[in-house]
Amino acid sequence: MQNDKELFNMIKKAYPQNPSKVFITETENKLRRKAGNMKIKGAVRKTSAIYSGVLLFTLAFSWLFFFSGKEVITNVLSNHGDKSLSTIATDENNPLVFIYQSHNQEAYNVKVPNEAFHETDNVTMVGKQLSKALEEKNIFAIHDDTDIFAVLEERNLTFKDSYNVSRENLQETLKKHKSIEMVLDIHRDSQERKFTTVNIDGKDYAKIGLIVSKISDNYKENREFANHLHQKLEKLYPGISRGVIEQGENPRNTYNQEIQKQSVLLNIGGTENTMEEAFRATDALAEAIKEIVQEP
């Protein structure tokens with residue numbers, strides 16, 4: 001094991017103090033490409049407080065030097081111990097989560113039945129908020145804001161064709177981004193407020209139902225993922241989850257969950273919930289996802 005002096009000498013020899021502009025540019029481009037595909041799996045053993053401090057400083061010095069002083073956020077070694085992290089997508093070219101809305105115009109704060117759908121104040125905004133909340137936690141996601149209802153009308157299709165249309169973008173995105181590990185289809189329920197709302201610490205939250213298709217080829221894996229997410233939600237915000245709900249047999253529907261493992265349909269709130277309550281739920285959901293991502 002190298003001592004402190006040897007480590008710093010190694011850095012100085014490996015990376016010249018006055019590299020050429022060409023060297024800096026080529027090195028930066030190579031590292032950016034590699035960094036995008038990197039999976040953070042290594043575990044750092046805390047042999048002593050001094051060694052840990054030296055190691056962290058060495059890594060920071062090397063990383064910042066290669067990127068010409070630019071700030072890079074990684075969240076590695078968050079507990080300064082020997083806990084390793086699972087895959088975290090740290091740039092937009094390698095997202096971890098895909099978020100979409102098969103019934104994209106499902107609305108909130110509905111006063112009368114014929115207002116159950118709205119062109120702007122709908123679940124698409126909730127999906128967008130979830131994407132933002134994840135990105136703030138350094139977990140990048142792709143949010144598909146396609147107006148599925150508009151596509152149905154344009155193609156002269158019916159409401160039941162919604163999943164076929166949303167499937168198109170899902171498959172195309174998964175083909176382009178192999179890094180995606182979770183797929184979330186955002187919906188809202190139609191039950192009464194008393195079933196879709198929970199008060200936590202004086203604030204009302206839209207409750208979250210986790211729907212898994214029983215006829216999907218990935219049923220087992222999706223149910224395990226949904227149950228894991230349910231447990232994390234309940235630990236962080238007791239009462240916010242409505243649990244894992246198995247559907248899809250009558251009428252038959254896979255909800256596109258056979259395409260990717262760790263797929264789940266999320267009913268966030270109901271027609272009587274407000275957008276603000278739904279947004280609170282997405283922030284809670286982002287926290288739960290972060291906990292899952294950070295598990296060793």
Side-chain angles (χ1 to χ4, degrees), residues 37 39 41 85-89 94-104 106 123-124 126-127 130-131 134 139-146 148 159-189 207-235 240-268 281-282 284-296:
N37 297 320
K39 289 189 175 182
K41 286 187 175 180
L85 303 184
S86 62
T87 303
I88 299 180
N94 290 277
L96 190 69
V97 185
F98 181 67
I99 303 167
Y100 69 120
Q101 304 82 207
S102 292
H103 297 159
N104 68 290
E106 289 180 327
V123 293
T124 301
V126 176
L130 175 58
S131 177
L134 287 171
I139 300 173
F140 286 94
I142 291 178
H143 175 236
D144 179 14
D145 61 358
T146 300
I148 302 296
F159 184 75
K160 67 179 182 180
D161 294 311
S162 300
Y163 291 100
N164 293 330
V165 174
S166 65
R167 173 193 294 263
E168 296 171 5
N169 288 341
L170 170 60
Q171 290 178 316
E172 185 65 24
T173 301
L174 291 175
K175 184 178 179 180
K176 291 181 179 178
H177 300 276
K178 305 297 184 181
S179 59
I180 291 176
E181 295 183 7
M182 303 177 191
V183 173
L184 310 175
D185 188 1
I186 309 298
H187 293 250
R188 67 103 179 93
D189 209 336
K207 298 184 73 170
I208 303 172
L210 301 97
I211 314 298
V212 174
S213 172
K214 294 186 69 174
I215 64 172
S216 164
D217 292 340
N218 295 322
Y219 162 68
K220 181 179 178 181
E221 293 85 353
N222 292 340
R223 177 173 173 77
E224 288 178 355
F225 171 63
N227 189 56
H228 196 183
L229 191 52
H230 158 74
Q231 291 173 351
K232 291 295 184 183
L233 283 167
E234 285 298 286
K235 184 187 79 170
I240 197 171
S241 174
R242 296 175 61 188
V244 179
I245 304 165
E246 298 183 9
Q247 294 181 180
E249 290 183 305
N250 187 22
R252 293 181 65 81
N253 199 332
T254 65
Y255 312 120
N256 296 328
Q257 292 176 4
E258 77 281 9
I259 298 176
Q260 172 75 26
K261 294 178 181 178
Q262 295 197 137
S263 295
V264 63
L265 185 156
L266 300 172
N267 270 340
I268 300 181
T282 60
L285 185 59
E287 288 186 44
I289 291 174
K290 179 182 178 181
E291 287 215 352
I292 291 176
V293 169
Q294 288 186 334
E295 288 180 341

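Counting from 1, the numbers follow the sequence of the chain as shown. These figures come from a predicted structure and were not determined experimentally.
Of all non-hydrogen atoms in Ala226 and Val264, the two that sit nearest each other are CB-CG2, 4.1 Å. Taking every heavy atom of both residues into account, Val123 and Gln101 meet most closely at O-CG, 3.8 Å. Minimum heavy-atom separation, Lys207 to Ser241: CE-O, 4.3 Å. In this structure, Ser102 and Ser162 approach most closely via the heavy-atom pair O-CB, 3.5 Å. Contact between Thr146 and Asp144 at its shortest, heavy atoms only, is OG1-OD1, 2.6 Å. Tyr255 and Ser213 make their closest contact through CD1-CB, 3.6 Å (heavy atoms, listed as atom of the first residue, atom of the second, distance).
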query: Where do Ile289 and Lys232 land on the side-chain contact (heavy atoms from CB on, under 4.5 Å) test, with the steps shown first?
result: CA-CA 8 Å; Ile289 291 174; Lys232 291 295 184 183; over 6 Å; no
task: Please test Ile240 against Glu234 for side-chain contact (heavy atoms from CB on, under 4.5 Å), starting from the C-alpha separation and ending with a verdict.
output: CA-CA 6 Å; Ile240 197 171; Glu234 285 298 286; 4.1 Å; yes
- request: Tell me, with the steps shown, if Gln171 and Lys175 meet side-chain contact (heavy atoms from CB on, under 4.5 Å).
  value: CA-CA 6 Å; Gln171 290 178 316; Lys175 184 178 179 180; over 6 Å; no
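Each of Leu285, Leu134, Ile139 was scored for a side chain to side chain contact (heavy atoms under 4.5 Å, CB included) with Lys290, with one residue passing: Ile139.
Of the possible polar contacts, one joining the Asn222 side chain to the Gln262 backbone as a donor-acceptor pair under 3.5 Å is found. Side-chain atoms of Asn104 come within 3.5 Å of backbone atoms of Ile148 as a donor-acceptor pair (strictly under, hydrogens ignored). Side-chain atoms of Ser179 do not come within 3.5 Å of backbone N or O of Leu96 as any donor-acceptor pair.
Glu224 has no carboxylate O lying under 4.0 Å from a charged side-chain N of Lys261, or vice versa, which leaves the two without a salt bridge.
The side-chain heavy atoms of Leu229 and Leu210, taken from C-beta on, include a pair separated by under 4.5 Å. Using a 4.5 Å heavy-atom cutoff, the side chains of Ile292 and Met182 are in contact. Considering only heavy atoms from C-beta on, Tyr100 stays 4.5 Å or farther from Ile142 through its side chain. Using a 4.5 Å heavy-atom threshold, the side chains of Glu106 and Ile186 count as separate. Looking at Ser216 and Asn218, their side chains come closer than 4.5 Å, going by heavy atoms from C-beta outward. Taking the side chain as every heavy atom from C-beta outward, Glu258 and Arg167 approach each other to under 4.5 Å.
The aromatic rings of His187 and Tyr163 sit parallel, their planes meeting at an angle under 30°, below the 60° perpendicular limit.
Between atom CZ of residue Phe140 and atom CD1 of residue Ile180 there is a gap of 13.5 Å, rounded to the nearest 0.5 Å. Atom CD of Gln247 is separated from atom CD of Glu249 by 10.5 Å, given to the nearest 0.5 angstrom. Distance check: Ser263 OG to Asn256 CG gives 8.5 Å after rounding to the nearest 0.5 Å. How far CG of Leu233 is from CZ of Arg242: 13.5 Å, rounded to the nearest 0.5 Å. The distance from the CG atom of Asp217 to the CD atom of Gln257 is 11.5 Å, given to the nearest 0.5 Å. Atom NE2 of His228 is separated from atom CZ of Arg223 by 14.0 Å, given to the nearest 0.5 angstrom.
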